[in-house]
2 protein chains.
Amino acid sequence: MRKRANKGNYTRVLRKIWLSEGISRIEIADYLGLDKSTITNITAALQRDGIITEMSEGDAGPQGGRKPIKLKIEKNFYAAAGIEVQPDCCNVICINLLGEVLFSRKIKFEMDIFQFPIFFSKLIKDIKSDLNEKRVILAGAGIGVSGIVNPEKGAILESIPLGINEEFPLLDKLSAMVDVPVFIDNDGNCCCWGELVFNRAEQLQDFIYCFVEFRDDCGVAIGLGVAIDGKVHYGRNYSAGEFRSVFMEGENSGQIAILNDERINKEDDSDLFEKISSELGRNIALLVNTFALSDCFIGGDLTTAQLEIMSRALRTEFNRNWSYPGESECRIRASSLRELSVAYGAASMIIDSLFRIPAVRDTGSAEFDIPGRII
Amino acid sequence: MRKRANKGNYTRVLRKIWLSEGISRIEIADYLGLDKSTITNITAALQRDGIITEMSEGDAGPQGGRKPIKLKIEKNFYAAAGIEVQPDCCNVICINLLGEVLFSRKIKFEMDIFQFPIFFSKLIKDIKSDLNEKRVILAGAGIGVSGIVNPEKGAILESIPLGINEEFPLLDKLSAMVDVPVFIDNDGNCCCWGELVFNRAEQLQDFIYCFVEFRDDCGVAIGLGVAIDGKVHYGRNYSAGEFRSVFMEGENSGQIAILNDERINKEDDSDLFEKISSELGRNIALLVNTFALSDCFIGGDLTTAQLEIMSRALRTEFNRNWSYPGESECRIRASSLRELSVAYGAASMIIDSLFRIPAVRDTGSAEFDIPGRII
DNA sequence: TTTAGTTGGTTTATGCAATCAACCAACATG
DNA sequence: CATGTTGGTTGATTGCATAAACCAACTAAA
């Protein structure tokens, strides 16, 4: 059929086991609409590869019959690294196939896009040797940056904090230095990847991630990430998620109308923060209700109190914009991983790619291979 | 491999010919990443079936070589019917595989959901006999209704104009009476289907359709339809597209804040209409920019003058909400089919289904078959 | 007119994923 | 202990896609 590539149903089976740990062969066959013998063959190959194992026997059904054999992912078969790039430092994380955090650290690095490849390749080398002690292989590294990113080409199209205003082919520089796949994406989108992976059992379809950051210069920065149909949504020119409040007038720069008059400091003015939250909520309510999103995640560097304020404000505004009797059906949730969201999400891109069913693309599809691991 | 089902690549080839009339076998092979012999086999089968034909020879390349043979869809191999259900009448349309209108008519019918199935089956019988004279076979019928629809089950979940406030399994009633596939969807979504099919060569990915209607009772009604990734987006509970302005306060019913104070009649007050357009524009701007949509279609029963006013207002508001230098990149376009948009779109659902590549679903996929046409 | 080179398309043999049908394995119940 | 039920495996078969060789039809240049 194809040279070597991920044979379609292999990934479907693998993904299902990933989503539903402890599932049996028969259940997979029913779920995927394949013959049970096909599942036998595929699971046998996956077991040979070592990426899944049998965990235990389940219980027989009420009418007797053979006990099912539960299957699970060998969670430390691979690990993925995630790196959040900030102006003055990097947050680094390593997670395994189930999204469990193996380790994380913060590294000082005065961001300079031309120095970064060297820094990056050293970092990967360190991570690899750390993982080597645990007998885990690195499957790849994800990078999350603020700005507009083309993740297919791995190019940064624009990034104010990184001082990039024309297309910069970062991936090309990086792949030349390391021998693992590297993915790059916008920070808000990374957060979406993170929630997709972390909450994979829920099979989230349509949600928004609202990323709030306090910046020394410009007050508050809002980044949005959107997932539609269980995939991160990029839109034209990969610019989805750029936020500007509907209440902004004229040529003003900035994102929130309230902040044209006032300034906010990180943790003191909860009154103003509430106003900001309300304005933000009004905006997001329109998005949430017109697109019928099921979840709204809140993340960024917020205190617990601020999170609380914002949740309430969002809830109020979602209901205000709700056309039907009763309350808005959108869940409001705090980000699952707090200050490590971006790094975690960056790593999740790699994990997700291992278990994602390749779409039947319109145009010819070129799969890519995963490194190492002698089979 | 599989029983009979639409063999995946058959549909991919067929779709490509549908999208690019006059394409050659080699071009298809290159585009889809398949071997040219595979395309030979598939096109041979499609020719046997009669759904495609060779149209003419193209020109040889600059360095000589054999001339390519252009392929095209046999456009009258099937037709699809589309029915827009309104409280007092139905707009009916018939289109062929290329989306060309074969005929259309308006039929008086005092909508009553319990009488509708009988009306519908007579209508289909009439359409079939009309098509029979042209030697065209009916592939199916699409129905567009105002309200919230579950198109998978073919159930109307809620519709104020039709007086439905609990789930009504319309499809079940209808399929019992006719022998062709029937699809039902919300009117705004139908319009999206229509644009997807009508502009298929563009391969539209992410766009919004804004459906404006004047109603005797409530002034103006706004319906939105959204397409993401070349597919209509439904969201949680199929409720995507329900619109309520961010400027609405408190418990007010209605959609537009301006109209809480004022009333508008169909064609006289262009000042007020401009205000409405601006408010609407502010809202849509947020959607268009956050989701990075490439197009915004305007449809419904607007005069040319009103369309002009609204286009300008949208453009202004899109730019106001635009974060970057220059102008918003979202195209603003008048609906391609004016007052027949919904019916056309309803028919397009059927056409689209014939040429849509079945997604690799997570769960077992149950393909469905197309009626008639002795092969 | 001949020859070489290029591109479009078909034919034939082969590989391989998925299926079917028969079978084995392990449990419950009367 | 026979019987029914469910979980899972084995071996033969099916049919899609491929590769490689081939034919067809054209240009360009000698």
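Every value quoted in this text rests on a predicted model; they were computed, and no experiment measured them. Naming convention: chains lettered A, B, ... in sequence-line order (proteins, then strands); numbering from 1 in each chain.
Atoms CD (B:Glu54) and P (C:dG8) sit 15 Å apart, rounded to a whole Å. The nearest whole Å value for the distance from the CZ atom in B:Arg66 to the C1' atom in C:dA4 is 19 Å. Rounded to whole Å, the distance from CG on A:Leu34 to P on D:dG8 is 15 Å. In this structure, A:Leu71 atom CG and D:dG7 atom C1' are separated by 12 Å, rounded to whole Å. Taking atom CD1 on A:Ile39 and atom P on D:dT6, their separation rounds to 19 Å, with Å as the unit. Between A:Leu32 atom CG and C:dA17 atom P the separation is 17 Å, expressed in whole Å. Atom pair A:Ile42:CD1 and C:dC16:P shows a separation of 15 Å (rounding to whole Å applied). Per the geometry, CG belonging to B:Asn9 stands 17 Å off P belonging to D:dG15, to the nearest Å.
Results of the salt bridge (Lys or Arg N to Asp or Glu O under 4.0 Å) test with A:Glu54 over A:Lys70, A:Arg25, A:Lys72, A:Lys67 single out A:Arg25 as the only residue that passes.
The A:Thr38 side chain lies nearest to C:dT19 when the options are D:dA17, C:dT19, D:dG7.
One finds a salt bridge joining B:Lys128 and B:Asp179 here, because a Lys/Arg side-chain nitrogen approaches an Asp/Glu carboxylate oxygen to under 4.0 Å.
At a threshold of 4.0 angstrom between heavy atoms, the contacts of B:Lys36 include nucleobase atoms, whether or not backbone atoms are also involved. In this structure, A:Ile69 reaches the sugar-phosphate backbone alone: every heavy-atom distance under 4.0 Å involves primed, P, OP1 or OP2 atoms, never a base.
Two residues are said to be in side-chain contact when any heavy atoms from C-beta on lie closer than 4.5 Å; A:Glu152 and A:Tyr234 fail this criterion.
Under the side-chain hydrogen bond (donor to acceptor under 3.5 Å, both in side chains) criterion, A:Ser336 pairs with A:Glu195, sequence neighbours left out. For B:Lys153, the side-chain hydrogen bond (donor to acceptor under 3.5 Å, both in side chains) partners at least two apart in sequence or on another chain are B:Glu167.
No hydrogens or angles considered: nothing links the side chains of B:Thr40 and B:Lys36 as a donor-acceptor pair under 3.5 Å.
In this structure, A:Lys67 reaches the C:dC27 phosphate: one of its side-chain N or O atoms is under 4.0 Å from OP1 or OP2. Contact annotation: A:Arg25 side-chain N/O to D:dT9 OP1/OP2 distance is under 4.0 Å.
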Atom pairs under 3.5 Å, N or O on each side, protein against nucleotides 10-12 of chain D: can you list them with distances?
none

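Ring pair B:Tyr344/B:Phe198 is perpendicular by interplanar angle, where above 60° counts as perpendicular and below 30° as parallel.
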